[in-house]
Engineer: 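For reference, the structure I am asking about is given below.
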Amino acid sequence: GQNIDQPTEMTATEGAIVQINCTYQTSGFNGLFWYQQHAGEAPTFLSYNVLDGLEEKGRFSSFLSRSKGYSYLLLKELQMKDSASYLCAVSFSWGKLQFGAGTQVVVTP
Amino acid sequence: GAVVSQHPSRVICKSGTSVKIECRSLDFQATTMFWYRQFPKKSLMLMATSNEGSKATYEQGVEKDKFLINHASLTLSTLTVTSAHPEDSSFYICSAAPGTRNTEAFFGQGTRLTVV
């Protein structure tokens with residue numbers, strides 16, 4: 001079966017760093033995606049890992065360990081606009097995504 | 001990045017009527033598109049895989065006669081919610097991935113359906 005776990009909510013201060021963990025147990029694996037979603041809007045792509053290691057894109061970085069079924073998304077220099085839901089999603093076949101429940105990040109002044 | 005357009009963004013319909021939602025890939029061809037559903041403060045749940053020129057593949061628990069999917073061209077998939085009930089009220093989102101290798105899936109803007 002498919003099981004993807006991530007924390008429900010995290011709060012951090014503007015300018016700080018926050019790390020959102022995601023663990024997964026899936027019957028197939030073609031890559032792990034992180035999406036950002038603001039309320040009432042569609043998800044927007046943040047990062048993608050298919051091999052172990054760290055991928056860095058500006059203020060956002062994502063890490064993957066396939067042997068541990070573990071990933072994290074690191075948000076640096078938090079800004080108020082980063083307040084959103086962050087979705088961890090596993091691709092178990094091309095284009096097809098299984099999403100975690102999402103982590104609501106609240107950035108405070 | 002690639003663009004996926006979804007229409008309408010919001011729709012209100014009466015119970016018992018049918019509603020059609022369109023998903024278009026604007027700058028690439030998509031032999032496969034995906035339809036998701038999202039309840040408030042919940043994550044996206046995959047409903048079905050839309051295949052151009054053939055029948056859609058539905059996830060377990062999704063009624064294929066209620067959620068009709070048609071993928072008549074390489075750039076358009078439609079989802080029709082038939083005999084809508086208030087419990088069908090939800091946020092429906094489509095996605096498509098260009099190319100044949102595993103790349104990011106691009107999402108449409110989503111459709112907020114309210115059944116009254």
Side-chain angles (χ1 to χ4, degrees), chain A residues 1-9 20 22-24 26-51 55 57 60 62 64 66 73 83-106, chain B residues 1-7 9-10 21 23 25 28-52 56-61 71 77 90-114:
Chain A
Q2 327 286 353
N3 195 35
I4 301 172
D5 292 314
Q6 52 182 128
T8 304
E9 185 171 315
I20 305 170
C22 172
T23 58
Y24 63 90
T26 62
S27 57
F29 183 84
N30 270 356
L32 190 138
F33 293 79
W34 284 95
Y35 284 85
Q36 179 192 63
Q37 186 180 30
H38 286 98
E41 299 179 7
T44 55
F45 171 78
L46 290 179
S47 71
Y48 165 62
N49 295 71
V50 65
L51 299 176
E55 292 284 338
K57 290 181 84 173
F60 299 147
S62 59
L64 175 67
R66 288 171 297 171
L73 177 70
S83 291
S85 181
Y86 291 83
L87 307 173
C88 171
V90 173
S91 172
F92 49 94
S93 67
W94 174 67
K96 196 173 181 181
L97 298 173
Q98 176 82 28
F99 284 86
T103 298
Q104 186 65 44
V105 170
V106 178
Chain B
V3 179
V4 175
S5 177
Q6 191 173 336
H7 177 81
S9 58
R10 290 179 178 274
I21 303 170
C23 180
S25 56
F28 65 96
Q29 294 184 331
T31 55
T32 305
M33 292 185 178
F34 304 91
W35 287 96
Y36 296 83
R37 180 175 183 176
Q38 186 175 34
F39 290 104
K41 297 189 177 181
K42 300 290 184 183
S43 193
L44 285 76
M45 297 297 296
L46 180 65
M47 298 175 66
T49 301
S50 173
N51 304 298
E52 188 268 335
T57 306
Y58 290 83
E59 295 300 303
Q60 192 173 9
H71 196 149
S77 173
S90 190
F91 192 51
Y92 294 87
I93 311 176
C94 69
S95 76
T100 56
R101 61 185 178 90
N102 195 42
T103 60
E104 61 180 282
F106 293 91
F107 286 86
Q109 302 94 319
T111 298
R112 172 72 59 193
L113 171 63
T114 304

Engineer: Heavy-atom pairs under 4.5 Å with chain A: which of B:Pro40, B:Ser43, B:Ser9 has the most?
Structural biologist: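 Ranked by contacts with chain A, first place is B:Ser43.
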Engineer: Can you tell me how far the CD1 atom of B:Ile21 sits from the OG1 atom of B:Thr111, to the nearest 0.5 Å?
Structural biologist: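 The OG1 atom of B:Thr111 is 4.5 Å from CD1 of B:Ile21, to the nearest 0.5 Å.
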Engineer: Checking heavy atoms, do the side chain of A:Leu97, its backbone, both or neither come under 4.5 Å from chain B?
Structural biologist: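 When you check distances to chain B, atoms from both the backbone and side chain of A:Leu97 fall under 4.5 Å.
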Engineer: Which region of B:Gln60, side chain (C-beta onward) or backbone (N, CA, C, O), has a non-hydrogen atom less than 4.5 Å from a non-hydrogen atom of chain A, or is it both or neither?
Structural biologist: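 The answer is neither part of B:Gln60.
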Engineer: With only heavy atoms counted, which part of B:Leu44 is less than 4.5 Å from chain A, the side chain, the backbone, both or neither?
Structural biologist: both
Engineer: Would you say that more than 12 heavy atoms from the other residues, nucleotides or ligands in this model lie under 6.0 Å from the NE2 of B:His7, or not?
Structural biologist: no
Engineer: Cut-off 3.5 Å, side chains only: do A:Gln37 and B:Gln38 have a donor facing an acceptor?
Structural biologist: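 Judged by distance alone, the side chains do pair up.
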Engineer: Any carboxylate oxygen within less than 4.0 angstrom of a Lys/Arg side-chain nitrogen, looking at A:Glu9 and B:Lys41?
Structural biologist: no
